[in-house]
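Below, chain A is the first sequence line, B the second, and so on; all start at residue 1. Any value given below was found using the heavy atoms of this structure, including those in side chains, with hydrogens, waters and symmetry copies removed.
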Protein chains: 2
Amino acid sequence: MAGSTIYDIAKKAGVSIATVSRVMNKSEGIADKTRKKVLKVADELGYHPQAYAQGLARKKKNIIMVVVPVLSNYFFMEVLSGIQDEISNYDYDLNIFNIQNDGNNMFEQVENILKRQWADGYLFISTHLRDHQLEKLESYDVPLTLVDEDYSGIDSVSVDNQQGIQQAMQYFLAQGLRRIAMISALKSSKPGEERIEGYKKELRKADIPVDENLIVAGDSMYRDGFSEQNGYEAMLKLIDLKNPPEACFCSSDIQAVGAIKAMKERGVHIPIIGYDDITISNYIGLSTIRQPMHDMGAFATKNLVERMQNKKEGPIQKIYSPELILRSSTEIRD
Amino acid sequence: MAGSTIYDIAKKAGVSIATVSRVMNKSEGIADKTRKKVLKVADELGYHPQAYAQGLARKKKNIIMVVVPVLSNYFFMEVLSGIQDEISNYDYDLNIFNIQNDGNNMFEQVENILKRQWADGYLFISTHLRDHQLEKLESYDVPLTLVDEDYSGIDSVSVDNQQGIQQAMQYFLAQGLRRIAMISALKSSKPGEERIEGYKKELRKADIPVDENLIVAGDSMYRDGFSEQNGYEAMLKLIDLKNPPEACFCSSDIQAVGAIKAMKERGVHIPIIGYDDITISNYIGLSTIRQPMHDMGAFATKNLVERMQNKKEGPIQKIYSPELILRSSTEIRD
DNA sequence: CTGAAAGCGCTTACAG
DNA sequence: CTGAAAGCGCTTACAG
């Protein structure tokens, strides 16, 4: 039952395979009688054109492929929901390709996906490639939109991270807090570097010397450190400092969740601001820097579809501004 | 650059396409010199075999496809991380296909995926099909493993939901609590029905009359009701009852998060137990019924790969037992 | 309105 | 060790 082809249908319906093909593709100008006959046979034999044969013959797959290193992280999930919502407006199927995030050959995997021509267009989420790699991607000349990353030669949608950090830091500084810690994740990643840089920059602007001891990450590097456990470990380290911080800025909400648990266990409380504004943050009272993740996914999808339809204009760089959301985690208690 | 084919390589390297194909496929018995020449040209032209052409010619795609209705939910995310971890042991690529969850034509979408022969094997997560539909799927005779669903004719991995509900209810009952509410999600779904049934059954066993007012869901049905917002709304309804409950069992942890916020806002606190044990639950002190989501994903993947390799044994039904995890949300306060 | 035929870009016996 | 040729299952001008 799983294996009937266009030939089986043609034979059983007494027509040519061209006719079967036309019927399945809803082409104009088929005699009603023929159409019905073919449809009936197709239904009986459970026939549906094979994706691979069709893709090859058509040179068009009707597929948008999302490429992502870490499937199971919250940021991705929310971006994805935006993609899902938007794509339902078009006649494209969604395919997600999960690349192994083991550093060195990651770019090779990415290139192979493009070379193998899996889809008509691609959405790269948080791949965090280096500039020379992005330059190479540009030369493939294939519809591609970057999310959570930006590069002048390729369509991209991202958030101004510096601005986000600035908002968090300035909020703390305005409260008179000076000893501000930063919980980072994987420091060697591109966004990791950028965020630490932004943190230091704000301190310098306020004439506060940078204390490297206040920049910590947990030891558990699952999901590049974007996990509750990592934040939990990081906060314990901070609390155990001889000179602990008065406030904390955290690279992600999910780490902040862990950090808050650590504080509760130790009976301390310092104001903390996360990063992302995942849905749950609103429910647990976590102050955070909001990234419009859902919108980013939707915008990227819309942009990609337009790009697939006409390739006239040059690359589009959409940069969202983040927003500081204050909730109970930044209230000063006691 | 994106578009070179095996013909281009063959021509430039001065060999036949058969030879190029053999080199790309690392076949034995190619002169070292030829191999190097071909590889060099392939690299220069950025060549990699097209997935669709290769899949058609080989009748094997090296793809495992995950089919899922709601991508962005926590249960799925955790199952997925198990799938990811396990699949990295094999030479299969992972593809996720997101079907639109609009009820009636959902099964049609599922059938089409199979008919179109996207992959070598499939993992269906939480598709919650009806028995007559599963029966039909069985007839496709294609490697397929169900997750979060079970059916005698098809490989499946699931959790004994009745048992989970029983554990939660018996815990409450043992504490002397009798007025126990249930926050459900989409009631018309298969698991929705089952869980409500289980809840009622436990009450009956304890000779407690079922009060339909105590079975509530929020009004927001995004993600089938498995959202913080839904739980929040549901708990408000419960609190506003003339005769509010003394304890609450909740269909998912994520709803419990919302329910807890509702309680905080209204200054009430009743013991609450969630369902799933998503990672975050441990960090916010939520008591819950643990489903081994990561293991389920890993087991299903392993099972599917074995099924693809030899089709000897009959269908395997793996049923995990859930586990009651007690944390602070069930502590009796004041 | 329908069919014969070429083509999409690969793989793989079959010869040599 | 390598090539010519058939085949995978479709689509789509081109004729009629």
Check your understanding: Going through the distances and angles, do B:Lys12 and B:Glu44 end up as a salt bridge (Lys or Arg N to Asp or Glu O under 4.0 Å)?
Key -> CA-CA 10 Å; B:Lys12 192 149 177 214; B:Glu44 281 168 20; 3.3 Å; yes
Check your understanding: Atom CG of B:Asp32 to atom P of D:dT2: distance rounded to whole Å?
Key -> 10 Å
Point to revise | Between C1' of D:dC10 and CD of B:Gln117, the distance in whole Å | key: 12 Å
Exercise for review: Kindly express the pairing pattern of DNA chain C in dot-bracket notation, using | wherever a base pairs with another strand and counting only Watson-Crick or G-U pairs under 3.5 Å.
Suggested key: |||.||||||||.|||
Practice item. Starting from P on D:dC8, measure out to NZ on B:Lys61 and report it in whole angstrom. Key: 13 Å
Exercise for review: Indicate whether the side chain of A:Asp148 and that of A:Ser126 have a donor and an acceptor atom separated by less than 3.5 Å.
Suggested key: yes
Check your understanding: Going by distance alone, is a donor N or O of one side chain under 3.5 Å from an acceptor N or O of the other, for A:Tyr140 and A:Glu111?
Key -> yes
Exercise for review: Check the distance between D:dC10's C1' and B:Arg116's CZ and give it to me in whole angstrom.
Suggested key: 11 Å
Revision key, fill the gap. Taken to the nearest whole Å, CD1/B:Ile9 to P/C:dG9 is 13 Å
Check your understanding: Is the shortest distance from a Lys or Arg side-chain nitrogen in A:Asp32 or A:Lys36 to a carboxylate oxygen in the other one below 4.0 Å?
Key -> yes
Exercise for review: Quick one, give me the B/S/- string for nucleotides 11-16 of chain D, reading 5' to 3', where B means a protein heavy atom under 4.0 Å from the base and S means that only happens at the primed atoms, P, OP1 or OP2.
Suggested key: BBBB--
Check your understanding: Is the B:Phe97 ring parallel, tilted or perpendicular to the B:Trp118 ring (thresholds 30°, 60°)?
Key -> tilted
Review point. If you measure only the distance, is there a donor-acceptor pair under 3.5 Å linking the side chains of A:Asn303 and A:Thr145?
Key: yes
Check your understanding: How close or far is atom P of D:dA4 from atom NZ of B:Lys11, stated in whole angstroms?
Key -> 15 Å
Review point. Does NZ or CZ of B:Lys11 fall inside the cone over B:Tyr7's six-membered ring, less than 6.0 Å from its centre and within 45° of the axis?
Key: no
Practice item. Scan side-chain atoms only and decide if A:Gln317 and A:Ser156 contain a donor-acceptor pair under the 3.5 Å cut-off. Key: yes
Exercise for review: Specify the separation, in whole Å, of atom CD of A:Glu28 and atom C1' of C:dT2.
Suggested key: 15 Å
Review point. Mapping B:Ser16 and B:Leu56 to their closest nucleotides on DNA chain D, which lands nearer the 5' end?
Key: B:Ser16
Check your understanding: Is B:Ile30 touching bases, backbone alone, or none of the nucleic acid, heavy atoms closer than 4.0 Å?
Key -> sugar-phosphate
**Study point:** Given C:dC1, C:dG3, D:dC10, the nucleotide with the shortest approach to the side chain of A:Val15
**Key:** C:dG3
Review point. Roughly, in whole Å, what's the span from OH in A:Tyr52 to P in D:dC8?
Key: 18 Å
Check your understanding: Less than 6.0 Å separating the ring centroids of A:Phe226 and A:Phe76?
Key -> no
Check your understanding: Taking only side-chain nitrogens and oxygens of B:Thr34, does any of them come within less than 4.0 Å of OP1 or OP2 of D:dT2?
Key -> yes
Review point. Has B:Lys59 got a side-chain N or O lying under 4.0 Å from the OP1 or OP2 atom of D:dG9?
Key: yes
